[in-house]
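Chain A is the first sequence line, chain B the second, and so forth, proteins listed ahead of strands; every chain is numbered from 1.
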There are 2 protein chains.
Amino acid sequence: MTSVKKDFETEKQVFSEHIQKAGLRHTAQRDLILEIFLRTEEHLSSEDLYWLVHKEDSSVGHTTVYRTLKLLTDAGLAREVRFGDGKTYYEHHYNHEHHDHMICTECGKVVEFYSPEIEALQEKVAAEYGFKLTHHSMRILGLCEDCLTREKELNGAASGAQPRVRVKSVVGI
Amino acid sequence: MTSVKKDFETEKQVFSEHIQKAGLRHTAQRDLILEIFLRTEEHLSSEDLYWLVHKEDSSVGHTTVYRTLKLLTDAGLAREVRFGDGKTYYEHHYNHEHHDHMICTECGKVVEFYSPEIEALQEKVAAEYGFKLTHHSMRILGLCEDCLTREKELNGAASGAQPRVRVKSVVGI
DNA sequence: GAGATGTTGAAATTCGCCGTCATTTCGCTG
DNA sequence: CAGCGAAATGACGGCGAATTTCAACATCTC
């Protein structure tokens, strides 16, 4: 890296090539949306990103952001993720290792992790049932360290404290 | 078991106790919905169950079925599961082993599986990050044996066949 | 069995997703 | 660099699932 500030040259390159190959067009909106997406390290919903874009160019509409995120997904720059709240979030995908998510049900913190052992076992299980694995998703819900200690402190005062878990029965996907 | 036909006594008992403890009321609708839910072994959406109930008592509305399923979930008799099609399904939970799901992206078949190794690794990963694991969900997407062989046969005829995968980029949850 | 309170069910609302369409913009060509 | 055809844009609206509202009703308690 020659500069301290990231300029996302390679990502933009990937996007341009995808645009080219798919016979699509290069537009100012798409550039702006990509730029802001890359600058933001968090998991973003289409709506979240819309507001970030809106701050810099209020003429860009929801639809364009929505469609551009799909485009980024096709280009391999973004990845769709769902955390169980019904919304679709996007995260950086290019040059990012595959990973799964661990979510704190108290504060909403999201930790990304990767376990090669689990990956291998998934392949094994799939093979046992004759499946050819194409994707998988895994989500671990629990309490993060901070919320755990905070809860213990509270329990010191009030004994039968409520578990205060927001995500109730979203055990599924 | 003394009778061949399942009468779900214990499940009904659990439900009654939950109703009691929560200060709720025992109603004919709830009984009927529970009964039909228990009789049906598949993954049911609220809508699915509504129609089954409707056949036996057409006066019961969508809302009641919807709310009763939530109630059953709270009571620990049902579990919500989502397979990525936007709908929420429910499966039996009481006295049912925990398991995860493997879904065929071609025919929609759902296989339940359980891997103690994966479970243990999840605990381990959570511990590494200071998390106290409360739930988790895991979904493996792929092609089942039948669809795999069918695809191979088709590939014999048409060479560059499309992968025909319905679930595109639903990598998340 | 009467009153308090929880429950029911139709309808309406909310919310995210996605298609439509008139208008604008891009990128090529001459 | 002007013109043209195709693609992109953005406002709007439809759709389906989830959820809330509210008046009528059922259930439990005393």
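Distance, A:Trp51 CH2 to C:dG16 P: 13 Å, rounded to whole Å. One interatomic measurement links the two molecules: NZ of A:Lys70 to P of D:dA8, which rounds to 16 Å at whole-angstrom precision. Rounding to whole angstrom units, CG of residue A:Asp57 and P of D:dA8 are separated by 18 Å. Put simply, NE2 on A:His62 is 18 Å from P on D:dG14, counting in whole angstrom units. Rounded to whole Å, atom C1' of C:dG9 lies 13 Å from atom NE2 of B:His54. If you measure from atom CG of A:Leu44 to atom C1' of C:dG16, you get 16 Å, rounded to the nearest angstrom. D:dG16 atom C1' lies 14 Å from atom OH of B:Tyr66, rounded to whole Å. Between the NZ atom of A:Lys87 and the C1' atom of C:dT14 there is a distance of 12 Å, given to the nearest Å.
Contact annotation: side chain of B:Arg67 to base of C:dG9, donor-acceptor pair present below 3.5 Å.
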Item checked: Criterion salt bridge (charged side-chain N to carboxylate O under 4.0 Å, His left out) on B:Lys109 and B:Asp146, from CA distance to verdict -> CA-CA 10 Å; B:Lys109 188 191 298 167; B:Asp146 294 347; 3.6 Å; yes
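In this structure, B:Ser46 does not reach the D:dA17 phosphate: none of its side-chain N or O atoms is under 4.0 Å from OP1 or OP2. Close to C:dT8, at under 4.0 Å from its OP1 or OP2, lies no side-chain N or O of B:Thr63. Contact between the side-chain N/O atoms of B:Thr64 and the OP1/OP2 oxygens of C:dT7 is not found at any separation under 4.0 Å.
Backbone-only engagement by B:Thr88 is indicated by non-hydrogen atom pairs under 4.0 Å involving sugar-phosphate atoms exclusively. Note on B:Ser59: only backbone sugar-phosphate atoms sit closer than 4.0 angstrom, heavy atoms only; bases stay farther off.
Using a 4.0 Å cut-off between a side-chain N of Lys or Arg and a carboxylate O of Asp or Glu, B:Glu117 and A:Lys124 qualify as a salt bridge. Ion pairing between A:Glu17 and A:Lys21 fails under the 4.0 Å rule for side-chain N and carboxylate O.
Side chain to side chain, B:His43 and B:His92 fail the donor-acceptor criterion of an N or O pair below 3.5 Å. With 3.5 Å as the limit, one finds a donor-acceptor pair spanning the side chains of A:Glu91 and A:His99.
For the contact set between residues 18-31 of chain A and DNA chain D, defined by any heavy atom under 4.0 Å, the members are A:Leu24, A:Arg25, A:Thr27, A:Gln29, A:Arg30.
Between the A:Thr73 side chain and the A:Leu69 main chain, a donor and an acceptor come within less than 3.5 Å of each other.
Nearest-nucleotide positions on DNA chain D for B:Tyr89 and A:Tyr50 put A:Tyr50 closer to the 5' end.
Sparse packing is recorded around CD of A:Glu97, with 12 or fewer heavy atoms of other residues, nucleotides or ligands lying under 6.0 Å away.
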